[in-house]
Amino acid sequence: MSRFSRIKGPRPLYICAAAGAGVAAYRFLKPESLNASLHPHDFAPYILVDKQSVSSTNAIFTLHDGFGVPEPDSVKEARRRGVWSVQAKQPQLQIARAYTPLPSKPNESDDEDGHSLRFLIRQETGGEMSTYLHRLLAGSTIELRGPTVEYELPPDVNEVLFLAGGTGIAPAMQVAEALSRSTGSRMHLLWANRRREECEGGFGDEALFDTSGQQPSWWRNLLGLGQDSNQALPVGTQKVVSKGLIVRELEALKERGQSATRGLHVQYYVDDERSFIKPGDVAKRIHTESSEGQGSRLILISGPDGFVEYWAGKKLWVDGREVQGPLGGVLANMDLKNWQVVKL
Ligand SMILES: Cc1cc2nc3c(=O)[nH]c(=O)nc-3n(C[C@H](O)[C@H](O)[C@H](O)COP(=O)(O)OP(=O)(O)OC[C@H]3O[C@@H](n4cnc5c(N)ncnc54)[C@H](O)[C@@H]3O)c2cc1C
């Protein structure tokens, strides 16, 4: 994606703002003196109400509109359209970075006047904005602007295969939320992480078997041994694995679309467990009979630069804009039939 490269290209945003302004001061300003809710060009104050740790580096941030106004229509619209982001501002350094809101909580329906935004944010080593955000305490003010629609799903979308690396899961969850309203659609999500701590208790939908065909790998997974391990522990020594926050959210998303769609199917991969997404995992999901009917079929890829490049080649900068660039990487050497590739 380039979720990470953009900060080094022309896209990073250097903003003019009064450095050092006390963030909490927004609460005492009159609403008419500031944007009272999210706006594409001007920053609006949000209050950090909760920060839940997902792993040693990642946390889910929950922000409420500083003036308590309901979610604007632009956000409701963005949630329906596909992948979108907002920008957060670091007031001292005058920089802003894009972050991808997670789907609304399952119990917050579209019709409710929800006013919270949630983000999965990774603290990058030496990262200016992410370190700043991770240091903030509950009650702090964070200025946001947006939304920006990064990718709009075609109206006739029928199937999506989403390859996500690390925090690339956030756009995948947005797509899953949008597709949960799309009757008859289906989504396969393959999510790769370096460490198990990001997806504790997530072992995928498939009852995979060893190449020998003897040992169901869910059994090995339950033992925390990963999908490709050949080790086995004696019966009775299994450890009970609790489910991580994102794993639980993915399970809730699966239920959300269950009645109208052909489902959200998730598979987890963990580098440390020597479990990697392989070309065969992609091939078997796009070469199915049900993938030959009407509608658009998309392979979406989101994650660190290296992940996107490995699967689909580099995105390019042209005239100050980031564009898809030619299809490269592993997917360029596969028979993709009628599937279109989009690098996020
Ligand atoms: C559309 C979009 C959506 C995104 N959504 C999310 C999201 O939901 N969650 C999320 O966590 N991130 C997301 N990102 C990434 C996010 O915008 C930031 O890029 C990320 O948080 C890092 O910003 P930073 O200011 O902390 O790091 P930076 O200070 O920009 O540094 C980034 C990395 O580069 C290294 N670095 C910086 N300068 C140098 C240098 N001169 N030499 C060598 N190394 C250097 C730093 O050590 C660090 O590891 C998204 C990006 C985009 C474009």
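All residue numbers refer to positions in the sequence shown, counting from 1. Just so you know, ligand 1 is whichever comes first in the structure, and atom 1 is the first atom listed for that ligand. Because only heavy atoms are used, hydrogens play no part in the values below, and waters and symmetry mates are left out as well, while side chains stay in.
Using modelled atom types, one finds a donor on one side chain and an acceptor on the other under 3.5 Å when comparing Asp156 with Ser296. A donor-acceptor contact closer than 3.5 angstrom links the side chains of Glu150 and Ser85. Side-chain atoms of Gln267 and Asp281 form no donor-acceptor pair, as typed in the model, at a separation below 3.5 Å.
Ranked by closest heavy atom to atom 30 (O) of ligand 1, the top entry among Met129, Gln87, Arg97 is Arg97. One option in Val86, Leu344, Leu120, Ile121 has a heavy atom closer to atom 9 (N) of ligand 1 than any other, and that option is Leu120. With distances taken over non-hydrogen atoms, the option nearest atom 8 (O) of ligand 1 out of Thr100, Asn58, Ile95, Leu93 is Thr100.
Salt-bridge formation is not detected for the pair Glu177/Arg80: no Lys NZ or Arg NE/NH1/NH2 atom is positioned less than 4.0 Å from an Asp or Glu carboxylate oxygen.
Listed by number with element, the atoms of ligand 1 under 4.0 Å from a non-hydrogen atom of Arg122 are 11 (O). Close approach to Ser130 involves these atoms of ligand 1, each under 4.0 Å from a residue heavy atom: 21 (O), 24 (P), 26 (O). Residue contact check: Gly127 has heavy atoms under 4.0 Å from atoms 24 (P), 26 (O), 27 (O), 28 (P), 29 (O), 31 (O) of ligand 1. Taking every heavy atom of Glu150 and a limit of under 4.0 angstrom, the matching atoms of ligand 1 come to 1 (C). In the vicinity of Glu128, heavy-atom distances shorter than 4.0 Å reach the ligand 1 atoms 24 (P), 25 (O), 26 (O), 27 (O), 28 (P), 29 (O).
Taking CZ from Arg196 and OH from Tyr268, the interatomic distance works out to 9.0 Å, rounded to the nearest 0.5 Å.
In terms of polar-atom proximity, Thr131 is not counted as a contact of ligand 1, lacking any N or O under 3.5 Å from an N or O of the ligand. Residue Ala98 has at least one nitrogen or oxygen atom sitting less than 3.5 Å from a nitrogen or oxygen atom of ligand 1, judged on distance alone.
Look at Tyr99 and you'll find a heavy atom under 4.0 Å from some atom of ligand 1.
Between the side chain of Ser182 and the backbone N or O of Ser185 there is no donor-acceptor pair closer than 3.5 Å.
At a heavy-atom distance under 4.0 Å, only backbone atoms of Thr125 (N, CA, C or O) approach ligand 1.
Looking at heavy atoms from C-beta onward, Tyr99 lies in side-chain contact with Phe119 at the 4.5 angstrom threshold.
When the shell of 6.0 Å around NZ of Lys51 is examined, it contains more than 12 heavy atoms from other residues, nucleotides or ligands.
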